[in-house]
Number of protein chains: 2
Amino acid sequence: MDGTEPITAAEGESLFAPACTHPTAEDPAIEALVEAIIGQVADKWTLLVLEELTAGGTLRFTEIGRRVGGISQKMLTKTLREMERMGLVTRTVHPVVPPHVDYALTDLGHTLGAAFCGVWTWAAENRRRIETAQAAFDEREDARR
Amino acid sequence: MDGTEPITAAEGESLFAPACTHPTAEDPAIEALVEAIIGQVADKWTLLVLEELTAGGTLRFTEIGRRVGGISQKMLTKTLREMERMGLVTRTVHPVVPPHVDYALTDLGHTLGAAFCGVWTWAAENRRRIETAQAAFDEREDARR
DNA sequence: CGGTATCCAGGCCGATACTG
DNA sequence: CAGTATCGGCCTGGATACCG
């Protein structure tokens, strides 16, 4: 830019359309709120539950846990509660014994799933690239020792 | 499904195009890897740094910290290191004193930013809806007490 | 079955001090 | 300026036990 060329030139700097000069970048207060929401939504378990409910439709508590795999009931309860609180899922209690509780995505939940579709696709497409990059990085680290 | 109709029928179930029957849902092992990657990428600080580098182009260490706001150098270092390891950013050291280190997104980093654009937009668009839902939920909780 | 309540280990993360 | 190193609090999240 200013003539002082760095060691590593930005050779790969493809001109990228600033696709996401997001709508609310104006107000820093709103920005903070949006970040807070992303913080809640971009949680590992939330994402996985969202996945399963997108794919599976209406599911029972245990079934979600089984599908997600590796989640404790504590975290499943907490995650579903928080998703319900945000209006992402509905919780339907059937008054039978033994208890039967169904969870399903709301319209809002579905749109969130769609929004995350891009990220999921990105991860799937670039998995190899990332693993390679990580291995190369670690190699360099080891060599430096 | 089996004739036992629930209390809350799925009345709001807008038929949603299954936009994201993602490409790799086939293999559970690959799925796990993708989830791991999402787990690393869907981190609060990573997202915010990604934001700033998308908007600001090439930035210095301190400048990123200043822009993100509220991040400790420890977390900034850790976040940038991990992003570098994944091949999302380049780290360029200028051999001058005092030190001068530039960070910039790689092409991969840019594509990740683009992928998250949908989520960011979603959060901005549905902020009100979520806040309302949360308030209503909390209200019901209080009433139940 | 679908939770809630309790305990507790591990790691996340900030604060601080120091270095090239 | 751009880190590394160390300490310590807190909070996440798993394991377990119990309830309606």
Side-chain angles (χ1 to χ4, degrees), chain A residues 2 4 6-8 35-36 39-49 52-53 58-85 89-104 137 140-141 144-145, chain B residues 1-2 4 6-8 35-36 39-49 52-53 56 58-85 89-104 137 140-141 144-145:
Chain A
D2 54 17
T4 48
I7 302 172
T8 306
E35 282 165 10
Q40 294 174 52
V41 137
D43 164 72
K44 177 188 175 183
W45 295 127
T46 302
L47 249 34
L48 296 180
V49 169
E52 295 310 326
L53 285 176
T58 301
L59 297 174
R60 298 179 62 170
F61 182 86
T62 309
E63 175 65 9
I64 297 174
R66 210 187 51 73
R67 288 192 178 215
V68 167
I71 188 173
S72 62
Q73 9 158 268
K74 178 180 175 179
M75 286 313 295
L76 183 54
T77 301
K78 190 182 168 193
T79 301
L80 286 169
R81 225 33 119 244
E82 190 54 35
M83 290 177 78
E84 188 193 357
R85 194 173 97 96
V89 304
T90 57
R91 178 171 177 273
T92 308
V93 181
H94 302 256
V96 296
V97 11
H100 182 132
V101 181
D102 280 332
Y103 291 90
F137 185 94
R140 263 176 277 134
E141 284 299 274
R144 240 177 32 75
R145 256 192 326 93
Chain B
M1 250 18 152
D2 54 15
T4 48
I7 302 171
T8 307
E35 283 165 9
Q40 293 174 52
V41 140
D43 163 73
K44 175 188 175 183
W45 296 128
T46 302
L47 251 33
L48 295 181
V49 169
E52 295 309 326
L53 285 176
T58 301
L59 296 175
R60 299 179 62 171
F61 182 84
T62 308
E63 176 66 8
I64 297 174
R66 209 185 52 72
R67 288 191 179 217
V68 168
I71 188 173
S72 64
Q73 8 158 272
K74 180 179 174 180
M75 287 313 295
L76 183 54
T77 301
K78 191 182 167 192
T79 302
L80 285 169
R81 226 31 120 246
E82 191 52 35
M83 290 177 79
E84 188 193 357
R85 195 173 98 96
V89 305
T90 58
R91 177 173 178 271
T92 309
V93 180
H94 302 257
V96 295
V97 11
H100 182 132
V101 181
D102 280 332
Y103 291 90
F137 184 93
R140 262 176 278 135
E141 284 299 274
R144 243 178 31 77
R145 258 193 327 94

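Given the structure is predicted, the values throughout are model-derived calculations rather than measurements. Protein chains get the first letters and strands the later ones, always in sequence-line order, with residue 1 at the start of each.
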Which nucleotide in C/dG3, C/dC1, D/dT4 has an atom nearest any side-chain atom of A/F61: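 For the A/F61 side chain, the nearest candidate turns out to be C/dG3.
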Among the candidates D/dG3, C/dG14, C/dC1, find the nucleotide nearest to the side-chain atoms of B/V101.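 Nearest nucleotide to the side chain: D/dG3.
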Identified side-chain contact (heavy atoms from CB on, under 4.5 Å) counterpart of B/E82 within the set B/K78, B/R85, B/E84: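 Result: among B/K78, B/R85, B/E84, B/R85 is the only option passing the side-chain contact (heavy atoms from CB on, under 4.5 Å) with B/E82.
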Among B/T46, B/L53, B/L47, exactly one meets side-chain contact (heavy atoms from CB on, under 4.5 Å) together with B/V49. Which residue is that?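 It is B/L53, the one option of B/T46, B/L53, B/L47 that forms the side-chain contact (heavy atoms from CB on, under 4.5 Å) with B/V49.
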Of all the heavy-atom pairs spanning A/L59 and A/E52, show the shortest one and how long it is.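 In this case the closest contact between A/L59 and A/E52 is CD1-O, 3.7 Å.
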Over all atoms of both residues, closest heavy-atom pair of B/T58 and B/A104: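 Heavy atoms of B/T58 and B/A104 come nearest at OG1-CB, 3.6 Å.
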Short side-chain N/O contact from [X] to OP1 or OP2 of [N], under 4.0 Å:
X     : N     : value
A/R60 : C/dG2 : yes
B/R91 : D/dG3 : yes
B/T62 : D/dC1 : no

Whole angstrom is fine here: how far is it from [atom1] in [X] over to [atom2] in [N]?
X      : N      : atom1 : atom2 : value
B/Y103 : D/dC1  : OH    : P     : 14 Å
A/L59  : C/dC1  : CG    : P     : 15 Å
A/L80  : C/dC1  : CG    : P     : 16 Å
B/D102 : D/dC1  : CG    : P     : 14 Å
B/R66  : D/dA2  : CZ    : C1'   : 16 Å
B/E82  : C/dC13 : CD    : C1'   : 16 Å

Should the pair B/Y103 and B/F61 be assigned to parallel (<30°), tilted (30 to 60°) or perpendicular (>60°) ring geometry?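 Plane angle between 30° and 60°, so tilted.
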Decide side-chain contact (heavy atoms from CB on, under 4.5 Å) for B/I64 and B/L80; before the verdict, give the C-alpha distance in whole Å, the side-chain angles of both, and the deciding distance to 0.1 Å. CA-CA 10 Å; B/I64 297 174; B/L80 285 169; 4.2 Å; yes
Want to settle it: does B/D43 or A/R81 sit nearer the 5' end of DNA chain C, counting the closest nucleotide to each?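 Residue closer to the 5' terminus by nearest nucleotide: A/R81.
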When we call it a touch if two heavy atoms are under 4.0 Å apart, what does A/P99 touch: a base, just sugar-phosphate, or nothing?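 Result for A/P99 = base.
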Derivation of the side-chain contact (heavy atoms from CB on, under 4.5 Å) call for A/D102 and A/R60: CA-CA 5 Å; A/D102 280 332; A/R60 298 179 62 170; 3.4 Å; yes
Got a sec? Which of residues 69-79 of chain A come in under 4.0 Å of DNA chain C, heavy atoms?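 A/Q73, A/K74, A/T77, in order of number.
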